[in-house]
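I have placed the structure first, in the form of structure tokens, so that the comments after it can refer back to it.
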Amino acid sequence: MDEKRKLTNEVGAPVADNEHSITAGSRGPVVMHDVWLQEKMAHFNREVIPERRMHAKGWGAYGSLTVTGDISKYTRAKVLQPGKKTDLFIRFSTVAGERGAADAERDIRGVACKFYTEEGNWDLVGNNTPTFFIRDVHNFSDLNRAVKRDPRTGVRSAQNNWDFWTLLPEAFHQITIVMSDRGIPASFRHMHFFGEHTFAFYNEKNERVWCKFHFHTQQGIRNLTDEEAEKLCGQDRESHGKDLFEAIERGDCPRWTMYVQIMTEEQAKNHYENPFDITKIWRHREFPLIEVGVLELNRNPENYFAEVEQSAFAPAHVVPGIGFSPDKFLQGRLFAYGDAQRYRLGINHNQIPVNRAKCEVNDYHRDGAMRVDGNYGAAPAYTPNSADVWSPQPEVTEPPLDLEGAMYRFDPKDDPTDDNFRAGGNLYRLMTEDKRKLLIENTARNIAPVTHNVKYRHAVHCFLADGEYGERITKAMELDFAKVKELAKLDNAGLIEATRNP
Ligand code: HEM
């Protein structure tokens, strides 16, 4: 038989029989002697690895980014220079559902991009919304506990979800997006995605600007209604994954146009709200989209576990020319991902082929479980070393950033420029009547099982964003509008106190 078709054990020795255990007598018990059976069972028992704490359900594909614009005056990043084409891998995900959850749920979608640049991997780990629910890292684990399963019942709880969301008014804009027509994308191909945070660019002269990343689908936006999604989930839990895989297989390669928004350091100092607050957006009319290039997905992975499940993205992975901003929320992410992956996949997870950089990696990290790349052989293990091996490159040092103020636990709500309802109100006013109607209906359906006090909190937030939005949602939730208007006179602490009891 062809060598390649021969069954072997894990160290290459031929296996004689893969269906009949070795037993003592034809009707007798299995014996330890069947080492192939032991190996087979023991491996199977250990095949499941921890799922991602959130974004557990996901699908991936390979492709490229081709730069068609010219933003070289803002960034020195080689991946973003005119004409450059860079290979990439993307993993799309839902957030709240576990690894076996249905795709077509009302939820935000994660979009994690790994650009294999010549200067190292750049991971842009974003979502399909330009903003986020919360802005302090402290709230992140709680957000996920509120949207995931209730500790007592083990089922997801609309009460927990809405209670948490409405106690944090900064979530309002994101809630409006999630409850809108865009809350259930028809597929990953038919949605935009965003880096969300403010990042930094710096150029060859080490001049810094702030930037935001946007990717607009060239397939057009397509969404599902609650009714369509409910039906689909009943028929096919993998609708997004199949759609992406089949489109790429038939050569219908999805594309997104990449844009950036740019804000100078001076503009940031004078901006009317905190430009580093992820719950805020930069309005396009003030900070226009600048076209950068085209992102295309054109190759499916060969193996789901090896390439999609084992992929690992970290916002900490940037390349020269791209940096972080003082966004407090981004700072927390810089730690969290690598930490989670060291647990989920192990300390050497960046050697897994899908995660491995395409350029040379010389980091001095040694040893650790599952080190499989030769461990740098006899090269020095310390730095500085007289052999002058793998020296730091000061020319990629980021420009200095001026900071000011005392070390303290600041509450953004104490900032007089902080307005949590402006963006959600603007979004409502931008919507056509059919979209407003969907938003109101989706919200009313989603919040229906929740107690009245929490519904009042949300109605007040809607009213503070836009009078009509408040009035319509109040009616749809069958609440008293006079009471909503009275509650709206309270400050946030007063509103929480007045709506504490169901
Ligand atoms: C402080 C806030 C946040 C923390 C602590 C956090 C933490 C995490 C962790 C621990 C994972 C699992 C990583 C893994 O096991 O590989 C994850 C996944 C993910 N997060 Fe976050 N996250 C935060 C906010 C955000 C935001 C604002 C976005 C979008 C802009 C985002 C997008 C994603 C995506 C897309 C994934 C899935 C990555 C993949 O496909 O492997 N996260 N997050």
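Bear in mind that the values here come from a model prediction, so they are computed numbers and not experimental data. Numbers for residues simply follow the sequence, beginning at 1. Each ligand, and each atom within it, is numbered from 1 in the order the structure gives.
For a threshold of 3.5 Å applied to N or O pairs, the pair formed by Arg53 and ligand 1 contains no separation below that value. Backbone and side-chain nitrogen or oxygen atoms of Arg52 are examined, and one is located within less than 3.5 angstrom of a nitrogen or oxygen of ligand 1. For a threshold of 3.5 Å applied to N or O pairs, the pair formed by Arg344 and ligand 1 contains at least one separation below that value.
Partners of Arg255 by salt bridge (charged side-chain N to carboxylate O under 4.0 Å, His left out), not counting sequence neighbours, listed by chain and number: Glu296. Legend: residues meeting salt bridge (charged side-chain N to carboxylate O under 4.0 Å, His left out) with Glu286, ordered by chain and number and at least two apart, are absent.
From the protein, the heavy atom lying nearest to atom 29 (C) of ligand 1 is Asn127 ND2, 3.0 Å. The protein heavy-atom contact nearest to atom 35 (C) of ligand 1 is Gly126 O, 3.3 Å. Residue, atom and distance of the protein heavy atom nearest to atom 38 (C) of ligand 1 are Ala112 CB, 3.9 Å. Residue, atom and distance of the protein heavy atom nearest to atom 40 (O) of ligand 1 are Arg91 NH1, 2.6 Å.
Residue Val137 has at least one heavy-atom neighbour below 4.0 Å for each of these atoms of ligand 1: 1 (C). Under a 4.0 Å criterion applied to the non-hydrogen atoms of Phe329, ligand 1 contributes the atoms 1 (C), 2 (C), 24 (C), 27 (C). Counting atoms of ligand 1 from 1 in the listed order, those under 4.0 Å from a heavy atom of Ala340 are 10 (C), 15 (O). Close contacts between ligand 1 and Val111 involve ligand atoms 35 (C) [criterion: under 4.0 Å to a heavy atom].
Judged by the 6.0 Å distance and 45° axis criteria, Arg109 is not positioned over the aromatic ring of Phe193.
Only one option out of Glu309, Arg52, Lys57 pairs with Arg99 in a side chain to side chain contact (heavy atoms under 4.5 Å, CB included); it is Glu309.
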Evaluation steps, side-chain contact (heavy atoms from CB on, under 4.5 Å), between Asn223 and His190: CA-CA 8 Å; Asn223 305 302; His190 294 94; over 6 Å; no
Does Glu291 form a side chain to side chain donor-acceptor pair (under 3.5 Å) with Thr257? I'd like the steps, not just the answer. CA-CA 7 Å; Glu291 194 166 324; Thr257 311; 5.4 Å; no
Show the numbers, then the answer: is there a side chain to side chain donor-acceptor pair (under 3.5 Å) between His173 and Arg422? CA-CA 8 Å; His173 183 200; Arg422 181 194 289 125; over 6 Å; no
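Below 30°, between 30° and 60°, or above 60°: for Trp165 and Phe133 the angle between ring planes is below 30°, a parallel geometry.
Pairs of residues two or more places apart, or lying in two chains, that qualify as salt bridge (Lys or Arg N to Asp or Glu O under 4.0 Å) and include a residue from residues 110-126 are Lys84-Glu118, Lys114-Asp123.
Salt bridge absent: Glu404 and Lys269 never bring a charged side-chain N and a carboxylate O closer than 4.0 Å.
The shell of residues lying under 4.0 angstrom from ligand 1, judged by heavy atoms, includes Ile278. Residue contact annotation: Ala312 has no non-hydrogen atom under 4.0 Å from ligand 1.
Between Phe213 and His197 the shortest side-chain heavy-atom distance does not fall below 4.5 Å. Phe199 has its side chain within reach of Leu330: a pair of non-hydrogen atoms, C-beta onward, lies under 4.5 Å apart.
Sorted by chain and number, the protein atoms of type N, O or S within less than 2.8 Å of atom 21 (Fe) of ligand 1 are Tyr337 OH.
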